[in-house]
Participant: 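I have a structure I would like to understand better, so I am pasting it below and will then ask my questions one at a time.
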Amino acid sequence: MPAKHDATPDPPLNQERPAQGHQDFLREMVQQDLASGRIDNVVTRFPPEPNGYLHIGHAKSICLNFGIAREFGGRCNLRMDDTNPTKEDVEYVDSIIADVRWLIAGWADECLGLKPVGASPEKRDLGGHTDYYLPSMMAADSSGQALEPLYASDYFEPLYEYALELIRGGRAFVCDHSPEEVDLMRGAPDRPGQESAYRNRPVEESLDLFRRMRAGEFPDGAHTLRARIDMGNPNVWLRDPVLYRIRHASHHHTSDEWCIYPMYDFAHCLEDYIEGITHSICTLEFEVHRPLYDWILEALDLPRPLPRQREFARLNVTYTVMSKRKLLQLVQEGHVRGWDDPRMPTVSGMRRRGYPAQAIRAFCERIGVAKRENMVELSLLEHFVRDELNRRAPRAMAVLRPLRLVIENYPEGQTEEFETVNNPEDASMGTRRVPFSRELYIEQDDFREVPPPKYHRLSPGVEVRLRSAYLITCTDVVKDPQTGDVTEVRATYDPATRGGDAPDGRKVKSTIHWVSASHAVDAEVRLYDTLFTAENPDDVAEGRDFTATLNPGSLETLQGCKLEPSLGTAVPGATYQFERLGYFCADTEDSVAGAPVFNRTVRLKDAWAKIQKRQGTGRR
RNA sequence: UGGGGCGUAGCCAAGUGGUAAGGCAACGGGUUUUGGUCCCGUCAUUCCGGAGGUUCGAAUCCUUCCGCCCCAGCCA
């Protein structure tokens, strides 16, 4: 009876080292702020808009924000930045929560900042100022309360109050211009804009109009609330930007309570402030928004320390696209089977494919964080996936493209078992038994009737080792009379080599894997290649889009693969190394006991494939 | 060419005036019952985007030039 592998979908984590060595510019800033006394604790935040699934680029941001919180003993708030009801959906908030939790599990889960379900900012008096404050809580501090992520939409009331305050201070006004007019009047980067005709309307009038906007008296687009800054500023984001717009739309979290919604620039800095965020880390494209971020906070005369925005370069990875718009397009146009298709760079896709969270984290740590534009090679990510799985994944034998092998001198009907190690990297993972018999399957790639140069595997007259079993020598082949294809290989075994070692010390050049034909479990195996054939799918000819470089061979589904018996009951999500082939993960959607479905997570490195490539032969 | 950023190896990335870390990739070798893992070695010989300058000394400071990215949503 073959022993079952002791594989779990997400086994205990390896210890990861805390901050050491060099510091990036963000950690340096945090350190200085701590040293100077500007702040005495660190609170970061990860603020996705729930309008798509998280991807590897978000993973970088998560590792950064949670990593900093973790290193400085602070926390990182998970916040839904949901200020645009027309684009957001609860499906996305659910997936975001699951993805974040999975990614930080066992590493920074104690830094995850949440809030009690239903909590909203507390209005209080602080030194004569009205203040809104919603501190996050960590799960450990919740004393049993149910927690949920923070939502920007829970701050709509305070945000509205802050907007009123801006109007009273003459720093904002209600504008009646149409979107088209506002466009025309914005000017150009090298040409000043033109002031709104409503810019100097009385404060009371703006106040009244803004209240009526909220009350729903006007249709979409009839009015906006605008900051009163400077239409001549060379930074176009300071040219009286829109702060609020009217949107008669139902919101996934506040339903129909509001018909005016704050714009990102107005909302985000105040969301950060309300939560007591100390460092607001975002991507480079927001750098030009920073003066506006600071302007709004400073215009409000707020009693607590202000958050600081700093920007880093977003991640790009070769052979993939990263924008939510494009990922959504891949899903909607059916180029993939869903957001969690194992070919997708989404967190859920990578999880389903079998990428361990710690591999993704190790990758994010290794790529570092800086401000220069970058395109990281996929091979680096794959390196960390292999590195993690090599230590963790139990080995097993599986034949993907079966070729029948008959051991002519092995008694018909006889069966024996060999004990073999589950992981040569980790003796504690134990051993298992694999059954052997006269008829086996070997990999088609492991036999060549006429071996090319440097081919070490089986061919007529050549002796190889069947892993953990016997040395065998190929004696003959059987061919299909029609096609001439080899349909069966005949061989003899040396009974003295039981276990795989020859008593006379003779060596063989190759060890190949095998599965006993009568004991084999049939399986479907899905082989993945990059979704795109171009390193940069966005780099296509004029008039074409990134889908032009879609890889037609990104998914190859193999039926009738032959697995060793212990794999028949693989737990969905469990990852194995199929020896000599790669790492494979039992699919969490489609795999069932007795009819397993495996995804190839990543290939093993393959020196022979390189040789073949040089020779101009070989399989994709 | 208004404003804001960024240029260190094929790809990331340290370096913050004292003589160019590290990882991936690539290449060569050793070990090996996985052509895997592991180990050893090679990989920026005053070319750190270019040119000048300051200095005993410059990737680091100054000047100038070049290149790339971002910004004119009532998206985030």
Side-chain angles (χ1 to χ4, degrees), chain A residues 21-24 28 47-49 51 81-84 86-88 175 177-179 182-183 186-193 220-226 233-239 241-247 261 263-265 267-268 282-291 311 313 315 318 324-325 363 366-384 386-387 390-391 395 397 420-421 423-425 454-457 465-469 471 499-501 507-513 535 577-582 603-611:
Chain A
H22 74 269
Q23 301 285 302
D24 55 68
E28 209 166 274
E49 182 187 15
N51 68 344
D81 201 10
D82 53 355
T83 56
N84 184 352
T86 63
K87 294 193 170 182
E88 297 149 7
C175 177
H177 286 303
S178 70
V182 171
D183 255 10
R186 188 159 19 236
D190 55 352
R191 178 167 38 86
D220 288 7
H223 302 276
T224 55
L225 182 72
R226 290 229 257 160
N233 200 293
N235 182 342
V236 296
W237 290 104
L238 259 19
R239 322 247 265 223
V242 172
L243 266 23
Y244 264 92
R245 75 286 213 182
I246 300 172
R247 275 260 200 295
Y261 291 92
M263 297 289 291
Y264 167 84
D265 287 296
H268 204 88
C282 61
T283 45
L284 244 29
E285 65 268 29
F286 291 102
E287 201 157 18
V288 290
H289 293 240
R290 194 157 93 203
E311 311 80 15
L315 169 66
T318 55
K324 281 199 253 184
R325 200 212 95 224
F363 169 76
R366 183 43 91 179
I367 59 177
V369 50
K371 296 187 74 164
R372 64 183 91 96
E373 204 185 318
N374 61 80
M375 171 81 78
V376 178
E377 290 174 348
L378 217 214
S379 59
L380 185 61
L381 213 205
E382 293 183 333
H383 162 78
F384 286 105
R386 286 192 197 99
D387 187 50
N390 177 50
R391 270 175 281 145
R395 315 284 122 127
M397 291 198 285
T420 189
V421 69
N423 188 340
E425 305 296 315
K454 296 188 176 170
Y455 187 81
H456 295 159
R457 281 108 100 144
R465 177 168 30 240
L466 293 179
R467 167 113 241 223
S468 304
L471 263 32
D501 281 313
K507 304 288 186 197
V508 290
K509 283 192 142 174
S510 180
T511 299
I512 64 173
H513 60 277
E535 278 208 352
Q577 185 196 96
F578 290 179
E579 290 207 50
R580 304 208 306 130
L581 297 175
R603 298 165 154 98
L604 244 31
K605 282 213 262 180
D606 187 351
W608 171 237
K610 276 186 191 173
I611 295 168

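To find a chain, count down the sequence lines: A is the first, B the second, and so on, and within it residues start at 1. We use all heavy atoms of the structure for the numbers below, so side chains are in, but hydrogens, waters and symmetry mates are not.
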Participant: Between B/G35, B/C12, B/C24, which one does the side chain of A/Asn374 approach most closely?
Facilitator: B/C12

Participant: Side chain of A/Trp608: nearest nucleotide among B/C27, B/G35, B/C74?
Facilitator: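 The listed nucleotide nearest to A/Trp608's side chain is B/G35.
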
Participant: Looking at every heavy atom in both A/Asn235 and A/Val288, which two are closest together, and how far apart are they?
Facilitator: ND2-O, 2.9 Å

Participant: Rounding to the closest angstrom, what is the interatomic distance between B/U63 and B/A20 at atom C1'?
Facilitator: 25 Å

Participant: Both A/Val376 and A/Glu28 contact RNA chain B. Taking the nearest nucleotide for each, which residue is further toward the 5' end?
Facilitator: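 The residue whose closest nucleotide sits nearer the 5' end is A/Val376.
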
Participant: Kindly point out which of B/C12, B/G36, B/C74 is positioned nearest to the side chain of A/Leu604?
Facilitator: B/G36

Participant: Backbone N or O of A/Arg186 within a donor-acceptor pair of the A/Arg239 side chain at under 3.5 Å?
Facilitator: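 Yes; judged by distance alone, with no hydrogens or angles, the pair exists.
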
Participant: Please lay out, stage by stage, how A/Asp387 and A/Arg391 fare under the test salt bridge (charged side-chain N to carboxylate O under 4.0 Å, His left out).
Facilitator: CA-CA 7 Å; A/Asp387 187 50; A/Arg391 270 175 281 145; 3.0 Å; yes

Participant: Students often get this wrong, so: under 4.0 angstrom with heavy atoms, is A/Val369 touching a base, only sugar-phosphate, or nothing?
Facilitator: sugar-phosphate

Participant: Could you give the distance separating B/U16 and B/G22 at their P atoms, to the nearest angstrom?
Facilitator: 16 Å

Participant: Out of B/G2, B/U34, B/G23, which nucleotide sits closest to the side chain of A/Glu579?
Facilitator: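 Selected nucleotide (nearest to the side chain): B/U34.
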
Participant: What nucleotide among B/G35, B/A76, B/G4 has an atom nearest to a side-chain atom of A/Val288?
Facilitator: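 In terms of side-chain proximity for A/Val288, the closest of B/G35, B/A76, B/G4 is B/G4.
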
Participant: Between B/G35, B/G2, B/G36, which one does the side chain of A/Lys605 approach most closely?
Facilitator: B/G36

Participant: Looking only at atom P, what distance separates B/G49 and B/A58, rounded to whole Å?
Facilitator: 15 Å

Participant: By a 5.5 angstrom centroid cut-off and a 30 degree plane limit, is there stacking between A/His383 and B/G23?
Facilitator: no

Participant: Do A/Lys324 and A/Glu49 meet the salt-bridge criterion of a basic N to acidic O distance under 4.0 Å?
Facilitator: no

Participant: Taking the side chain of A/Pro234 as heavy atoms from C-beta outward, which of B/G2, B/C75, B/G23 is closest to it?
Facilitator: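 So the nucleotide nearest the side chain must be B/G2.
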
Participant: Heavy atoms under 4.0 Å, any strand shown: does A/Asn51 hit a base, just sugar-phosphate, or nothing?
Facilitator: nothing

Participant: Using modelled atom types and a 3.5 Å cut-off, is there a donor and acceptor pairing between side-chain atoms of A/Thr318 and backbone atoms of A/Leu378?
Facilitator: yes

Participant: Within the structure, does a side-chain N or O atom of A/Ser379 lie under 4.0 Å from either OP1 or OP2 of B/C11?
Facilitator: no

Participant: I want to check one thing: is the phosphate of B/C70, taken as OP1 and OP2, less than 4.0 Å away from some side-chain N or O of A/Lys371?
Facilitator: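 The answer is no; no side-chain N or O of A/Lys371 sits under 4.0 Å from OP1 or OP2.
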
Participant: Once Watson-Crick and G-U wobble pairs under 3.5 Å are found, how is RNA chain B written in dot-bracket notation, 5' to 3', with | for any base paired to another strand?
Facilitator: .(((((((.[[[..)..(...]]].(((((.......)))))......[[[[[..)....]]]]])))))).....

Participant: Tell me whether the OP1 or OP2 atom of B/U32 has a side-chain N or O from A/Lys507 closer than 4.0 Å.
Facilitator: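 No, outside the criterion.
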
Participant: Please compare A/Arg580 and A/Val236 by the position of their nearest nucleotide in RNA chain B and report the one closer to 5'.
Facilitator: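 Upstream on the strand: A/Arg580.
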
Participant: Of all the nucleotides listed (B/C74, B/C12, B/G36), which has the minimum atom distance to the side chain of A/Glu425?
Facilitator: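 In terms of side-chain proximity for A/Glu425, the closest of B/C74, B/C12, B/G36 is B/G36.
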
Participant: Quick one: the side chain of A/Glu377 and the base of B/G10, do they pair up donor-acceptor inside 3.5 Å?
Facilitator: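 Side chain to base: pair found, below 3.5 Å.
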
Participant: Calculate the interatomic distance between A/Glu287 atom CD and B/G5 atom P; express it in whole Å.
Facilitator: 6 Å

Participant: Please pick, from B/G35, B/G73, B/G23, the nucleotide with the shortest atom-to-atom distance to any side-chain atom of A/Leu380.
Facilitator: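 Nearest listed nucleotide: B/G23.
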
Participant: Taking only side-chain nitrogens and oxygens of A/Arg239, does any of them come within less than 4.0 Å of OP1 or OP2 of B/G3?
Facilitator: no

Participant: Any donor and acceptor pair, going by atom type alone, linking the side chain of A/Asn374 with main-chain N or O of A/Arg372 inside 3.5 Å?
Facilitator: yes

Participant: The side chain of A/Arg372 lies closest to which of these nucleotides: B/G36, B/G7, B/C69?
Facilitator: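 Among B/G36, B/G7, B/C69, the one nearest the side chain of A/Arg372 is B/G7.
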
Participant: For B/A14 and B/G2, measure between their C1' atoms and round to the nearest Å.
Facilitator: 35 Å

Participant: Is the distance from OP1 or OP2 of B/C75 to the nearest side-chain N or O of A/Arg325 less than 4.0 Å?
Facilitator: no

Participant: Using side-chain hydrogen bond (donor to acceptor under 3.5 Å, both in side chains) as the criterion, list what pairs up with A/Arg467, not counting sequence neighbours.
Facilitator: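 A/Arg467: side-chain hydrogen bond (donor to acceptor under 3.5 Å, both in side chains) contacts with A/Glu579.
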
Participant: Can a side chain N or O of A/Arg366 be found less than 4.0 Å away from OP1 or OP2 on B/A14?
Facilitator: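 For B/A14, OP1/OP2 do not have a side-chain N/O of A/Arg366 under 4.0 Å.
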
